[in-house]
Asks: 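My questions will all concern the structure given below.
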Amino acid sequence: MKDTPDELLDRWGLTILSMVADTGHARIWKVETADTVAALKVYRRADRGNEGPGSRLLSAWQDRGTVRILEEANNAVLMEWLDGPSLGDVARDGDPETAVNLLAEAASDLHRSPRVENSGLRTLNDVFAPLFRCEFTDTCDPNLKSDMQQSAALARELLDSQQTLVPLHGDLHTDNVILTKAGPKVIDAKGYLGDPAFELANALRHPKGMPDLVRDPIQIAKCLQLYSEAMAITPERLAKWAAAKCALSIYWRSHQQVSEDKEADLLRLFLQAAA
Ligand SMILES: Nc1ncnc2c1ncn2[C@@H]1O[C@H](COP(=O)(O)OP(=O)(O)O)[C@@H](O)[C@H]1O
Ligand SMILES: [Mg+2]
């Protein structure tokens, strides 16, 4: 059952202060509760696009720098309001070095011992399954097609060689961490279960809106080093996951058949880094 924003406002005693974001799959408002301000995220899909496990994981990681979850419904979540720029904003405002360093610290904080309980999380095998059914149009660039196939083979190899399965945020990157006065706070978890080397793979495609930085081979090498140290894994395995995740994102965007993509060149760079 899907609740309308009005029903949620009524049930949780909220007043809207402003609209904060309207993304592909959710809308976020700044709201007022009886005693504080909060963020209300309402998903378009009744099952929250499978992000339910994500907020449970954020709660389990409460003392490790995550947003506090106040209420949950089938298609919505009410969170504490976080004041401050995202680490993506910090980077876009001219300090990408600080942004990636703080992201690495946030990741290692989430993953410190002891490991939290992991029931109900989606496995990486399940998440990557669509990549193995990837199809291409007749006009698809042959380089992209071969890079996608190579990345799918890497994904298979990585999935089959996972040594430990840990709870994963699943979408940990600079635009999903807010830098508050009390330090970085992580939002927007998917809640996956799998190889710790996956955790910062998607971070290599970020910050949003900085395509030249993300494609700079020196920056790629620096982030592979920094992020692999933070997660206590090898840079080689991280580079392979970066290619696999980039390929999966290309497939997700493709509407079933891959033809061309704005990250085709980035995928090639990740494959080169993984070679
Ligand atoms: N708890 C929060 N406090 C303040 N701003 C938030 C909060 N949660 C989300 N936002 C804002 O909304 C944006 C999108 O939220 P996010 O949960 O990352 O959505 P999406 O799943 O579409 O990526 C964030 O980048 C941030 O600007
Ligand atoms: Mg987000």
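Atoms within each ligand, like the ligands themselves, are counted from 1 in listed order. Both backbone and side-chain heavy atoms feed into the values below; hydrogens, waters and symmetry mates do not.
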Asks: Do NZ/NE/NH1/NH2 and the carboxylate oxygens of R11 and D6 come within less than 4.0 Å?
Replies: no

Asks: Tabulated below should be the N or O atoms of ligand 1 paired with protein N or O atoms at under 3.5 Å; can you produce that?
Replies:
unit_1: ligand 1; atom_1: 1 (N); unit_2: E80; atom_2: O; d: 3.0
unit_1: ligand 1; atom_1: 3 (N); unit_2: L82; atom_2: N; d: 3.0
unit_1: ligand 1; atom_1: 17 (O); unit_2: K41; atom_2: NZ; d: 2.7
unit_1: ligand 1; atom_1: 18 (O); unit_2: N176; atom_2: OD1; d: 3.0
unit_1: ligand 1; atom_1: 18 (O); unit_2: D188; atom_2: OD2; d: 2.9
unit_1: ligand 1; atom_1: 19 (O); unit_2: K41; atom_2: NZ; d: 3.3
unit_1: ligand 1; atom_1: 21 (O); unit_2: H25; atom_2: NE2; d: 2.8
unit_1: ligand 1; atom_1: 21 (O); unit_2: K41; atom_2: NZ; d: 2.8
unit_1: ligand 1; atom_1: 21 (O); unit_2: D188; atom_2: OD1; d: 3.1
unit_1: ligand 1; atom_1: 21 (O); unit_2: D188; atom_2: OD2; d: 3.0
unit_1: ligand 1; atom_1: 22 (O); unit_2: T23; atom_2: OG1; d: 2.6
unit_1: ligand 1; atom_1: 22 (O); unit_2: H25; atom_2: NE2; d: 3.3
unit_1: ligand 1; atom_1: 23 (O); unit_2: D188; atom_2: OD2; d: 2.9

Asks: Under 4.0 Å between a Lys/Arg side-chain N and an Asp/Glu carboxylate O for E80 and K185?
Replies: no

Asks: Residues two or more places apart in sequence or in another chain: which of them pass salt bridge (Lys or Arg N to Asp or Glu O under 4.0 Å) with K245?
Replies: none

Asks: Within the 3.5 Å criterion, strictly below it, is a donor on T137 or Q257 matched to an acceptor on the partner's side chain?
Replies: no

Asks: Enumerate the side-chain hydrogen bond (donor to acceptor under 3.5 Å, both in side chains) contacts for residues 226-239, please, sequence neighbours excluded, ordered by first and then second residue.
Replies: S161-R237, D195-R237, Q225-E229

Asks: Below the 2.8 Å mark, what number of protein N, O or S atoms do you get around the Mg ion (ligand 2)?
Replies: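 Of the protein's nitrogen, oxygen and sulfur atoms, 2 lie under 2.8 Å from the Mg ion (ligand 2).
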
Asks: Kindly assign one of parallel, tilted or perpendicular to the pair H111 and W61, based on the angle between their ring planes and the thresholds 30° and 60°.
Replies: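 Ring orientation, 0 to 90° scale: perpendicular.
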
Asks: In terms of side-chain geometry, is the basic nitrogen of R64 or D109 positioned less than 4.0 Å from the acidic oxygen of its partner?
Replies: no

Asks: Examine the side chains of N176 and T174 and answer whether a donor and an acceptor come within less than 3.5 Å of each other.
Replies: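 Short answer, no.
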
Asks: Parallel, tilted or perpendicular: which describes the rings of H173 and H206, with under 30° parallel and over 60° perpendicular?
Replies: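 Aromatic pair H173/H206 classed parallel.
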
